[in-house]
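As structure tokens, the structure follows; a few thoughts come after it.
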2 protein chains.
Amino acid sequence: MSTLKTLDRGLRALDIVSRRADGISVADLALDLEVDRAVAYRIVATLEQHGMVLRLPQDGKLVLGAAVLGLERRFEPQFRRRARPLLDQLARQAYATAFISVAQQDKCAAILVSEPEDVLIRVGYRVGSTHAISKGAAGIAILAGRPPADGEPPEVTQARTSGFSLTKGALQQGAIGVACPIGGGTYEASVGVVAMEDLDVDRAIDTVKSCARALSALLTGAAQVTRDTV
Amino acid sequence: MSTLKTLDRGLRALDIVSRRADGISVADLALDLEVDRAVAYRIVATLEQHGMVLRLPQDGKLVLGAAVLGLERRFEPQFRRRARPLLDQLARQAYATAFISVAQQDKCAAILVSEPEDVLIRVGYRVGSTHAISKGAAGIAILAGRPPADGEPPEVTQARTSGFSLTKGALQQGAIGVACPIGGGTYEASVGVVAMEDLDVDRAIDTVKSCARALSALLTGAAQVTRDTV
DNA sequence: ACAGACTGTGCGATAAAAGTAAAGAGTCGT
DNA sequence: ACGACTCTTTACTTTTATCGCACAGTCTGT
């Protein structure tokens, strides 16, 4: 599957700019991208034209433009809107931080997070944060949603059998994560909860499984099933 | 200032995908972009590699990927974080929906919105929405922040003199907008309020001006001035 | 005023993308 | 079950968009 070098560089440039909260000069961007400055200028001009980046006229530094907000606003709006209440319910029922994650190459990214309200200490999990897909309950659940592959880690196989994945301290010392694949594996996503060691694991597994069924129904268009499964 | 055709197409593709809430096939994308299907496949492969789009395995349709969420999370985080309380205050004081907008070529895009809480009817203004920069108070205020240009509309010149712009029904029947440029024009942004006809205009002008001073201080790094100017 | 760093811009050589064509994969209807 | 269809992907040649050099303009600080 061939890709486009110019587009690839542009997207990498966008990523670099996004990671510099205080801006970056075109010259520095060129260094980071390992391209000639002239190339960087053309990339910037194109990104600028689309509003993806803008230049602070005070010092010429590049920062993200307003267009990224437009994109974010359109990101699976109906999915988020429909998934949100289910996730909130899950967080309340499990007394834990609930999240939905999707596969992104070999990474696993949280796209929606809900924190319980009536809990003293809760685990924070930021939307957009990523970790290796083979680490952590969320990623393992996603892998378990895929068809069995030889050479896959044993915990993935086990998660596929049991219908959920459970990790302790995989991503964070003292944290327990429980997750289930959603969308029947077709969406490459998972839903789960993460909490401190005092998590009621059995209860959490049940509630996460239930929520996963409801979300899967949403993703496959069988919305009317939701009320029953929740 | 030359731009890159390949990158431009990729960004256009991203925009097209983002506007189709229910997904779009590669073939349709190729039609919209007016490129050969083979080209569209290469663009999609590149965007996919960066997580900007993903393909629904159920029907192969393209939707926005999780990477856009990562971008949004990094969009001027410190600016938003610091601007938010000021905007909330403005909304409360003016009893109107307050917003911050930035220039984006010949468009004007809202990047931050705050709605008042103790008001019965409020005007909605969505983050990311755009309109022509020469229409509406927000855009005119931005233009007024730029150095005078000959051939500019008279309302821009007037706004530059008076320090604010005022429009009635320019974008929405029955709505009044008041806005001031911020960042001394260097940021190409404006702050303002929008409300129904019952807006206390004089009061609104004062509060918006005051907020604009505070925000300008934030943008130019003179953060310690904020408390005094608010 | 000058040095130095940064910013922006033509232009020819060349690598990269476009545009064929054609094969493999999956779907649908008969 | 079979063929017709669309979608997807790859291989290869042609075209052209991009690269990267060099040069000019701009700003900053000394």
Side-chain angles (χ1 to χ4, degrees), chain A residues 1-14 16-17 20 22-50 52-63 65 105 146-147 149 184-188 220-221, chain B residues 1-14 16-17 20 22-50 52-63 65 105 146-147 183-188 220-221:
Chain A
M1 189 183 300
S2 65
T3 56
L4 303 179
K5 196 172 184 179
T6 306
L7 178 52
D8 179 76
R9 283 214 267 237
L11 295 173
R12 274 170 50 216
L14 192 58
I16 289 170
V17 170
R20 302 290 197 93
D22 37 275
I24 182 173
S25 69
V26 179
D28 283 349
L29 176 65
L31 285 176
D32 271 24
L33 281 174
E34 292 177 320
V35 299
D36 190 272
R37 277 208 329 280
V39 176
Y41 277 106
R42 290 186 272 257
I43 291 172
V44 167
T46 312
L47 290 174
E48 208 178 351
Q49 204 168 56
H50 285 263
M52 302 299 288
V53 304
L54 59 90
R55 311 197 59 177
L56 299 177
Q58 33 180 333
D59 55 4
K61 294 261 183 86
L62 295 159
V63 294
Q105 256 73 277
R146 293 179 179 170
T186 55
Y187 203 75
E188 302 261 291
T220 53
Chain B
M1 191 181 297
S2 64
T3 56
L4 303 178
K5 196 174 185 177
T6 306
L7 177 53
D8 178 76
R9 282 214 266 238
L11 295 173
R12 275 169 50 215
L14 191 59
I16 290 170
V17 170
R20 303 289 197 94
D22 37 276
I24 182 174
S25 69
V26 180
D28 284 348
L29 176 64
L31 285 176
D32 272 23
L33 281 174
E34 291 177 320
V35 299
D36 192 273
R37 278 212 316 283
V39 175
Y41 278 106
R42 291 189 270 255
I43 291 172
V44 166
T46 312
L47 290 174
E48 209 177 351
Q49 204 168 56
H50 285 263
M52 301 299 287
V53 305
L54 59 90
R55 311 194 60 176
L56 299 176
Q58 33 181 333
D59 55 5
K61 293 257 183 91
L62 295 159
V63 293
Q105 258 74 274
R146 292 180 180 169
T186 55
Y187 202 74
E188 302 262 289
T220 54

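In this text, all values refer to a predicted model and were calculated from it rather than measured experimentally. So you know, we letter chains A, B, ... as the sequences are listed, proteins then strands, and number each from 1.
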| side chain to side chain contact (heavy atoms under 4.5 Å, CB included) assessment of Val53(B) paired with Val17(B) | CA-CA 8 Å; Val53(B) 305; Val17(B) 170; 4.2 Å; yes
Return the value, rounded to whole Å, for the distance between atom [atom1] of [X] and atom [atom2] of [N].
| X | N | atom1 | atom2 | result |
| --- | --- | --- | --- | --- |
| Leu7(B) | dA17(C) | CG | P | 11 Å |
| Ile24(A) | dT7(C) | CD1 | P | 11 Å |
| Arg55(A) | dT26(D) | CZ | P | 15 Å |
| Asp8(A) | dA15(C) | CG | C1' | 16 Å |
| Leu29(B) | dT6(D) | CG | P | 19 Å |
| Lys61(B) | dG26(C) | NZ | C1' | 16 Å |
| Asp28(B) | dT8(D) | CG | P | 10 Å |
| Lys5(A) | dA16(C) | NZ | P | 4 Å |

Among [options], find the nucleotide with the atom closest to the side chain of [X].
| X | options | result |
| --- | --- | --- |
| Asp36(A) | dC21(D), dC19(D), dT7(C) | dC21(D) |
| Leu4(B) | dT18(D), dT7(C), dG20(D) | dT18(D) |
| Arg42(A) | dT18(D), dG20(D), dA16(C) | dG20(D) |

| side chain to side chain contact (heavy atoms under 4.5 Å, CB included) evaluation trace for Arg37(B) with Val26(B) | CA-CA 7 Å; Arg37(B) 278 212 316 283; Val26(B) 180; 5.8 Å; no
| message | Regarding dG19(C), can its base be found pairing with the side chain of Arg37(B) as donor and acceptor, where the two atoms are less than 3.5 Å apart? | response |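 Answer no: no donor N or O sits under 3.5 Å from an acceptor.
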| task | Determine the contact category for Ala38(A): base if any of its heavy atoms lies under 4.0 Å from a base atom, sugar-phosphate if only primed atoms, P, OP1 or OP2 are that close, otherwise nothing. | result | base
| request: State, to 0.1 Å, how close Leu54(A) and Gly65(A) come at their nearest heavy-atom pair, and which atoms those are. | output: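 Shortest heavy-atom contact: CD2-CA, 3.8 Å.
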| said: My understanding is that only one of Val44(B), Thr46(B), Leu47(B) makes a side-chain contact (heavy atoms from CB on, under 4.5 Å) with Met52(B); could you say which? | reply: Leu47(B)
| Is the phosphate of dT8(D), meaning OP1 or OP2, less than 4.0 Å from a side-chain N or O of Tyr41(B)? |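 Answer is yes, contact under 4.0 Å.
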| message | Taking only side-chain N and O atoms of Arg9(A), does any of them lie within less than 4.0 angstrom of OP1 or OP2 on dC19(D)? | response |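 Yes, such a contact exists.
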| task | By nearest nucleotide on DNA chain D, pick out whichever of Ser2(A) and Thr6(A) is the more 5' one. | result | Ser2(A)
| task | Just do the side chain to side chain contact (heavy atoms under 4.5 Å, CB included) check on Asp8(A) and Lys5(A) with the steps written out, would you? | result | CA-CA 5 Å; Asp8(A) 179 76; Lys5(A) 196 172 184 179; 5.5 Å; no
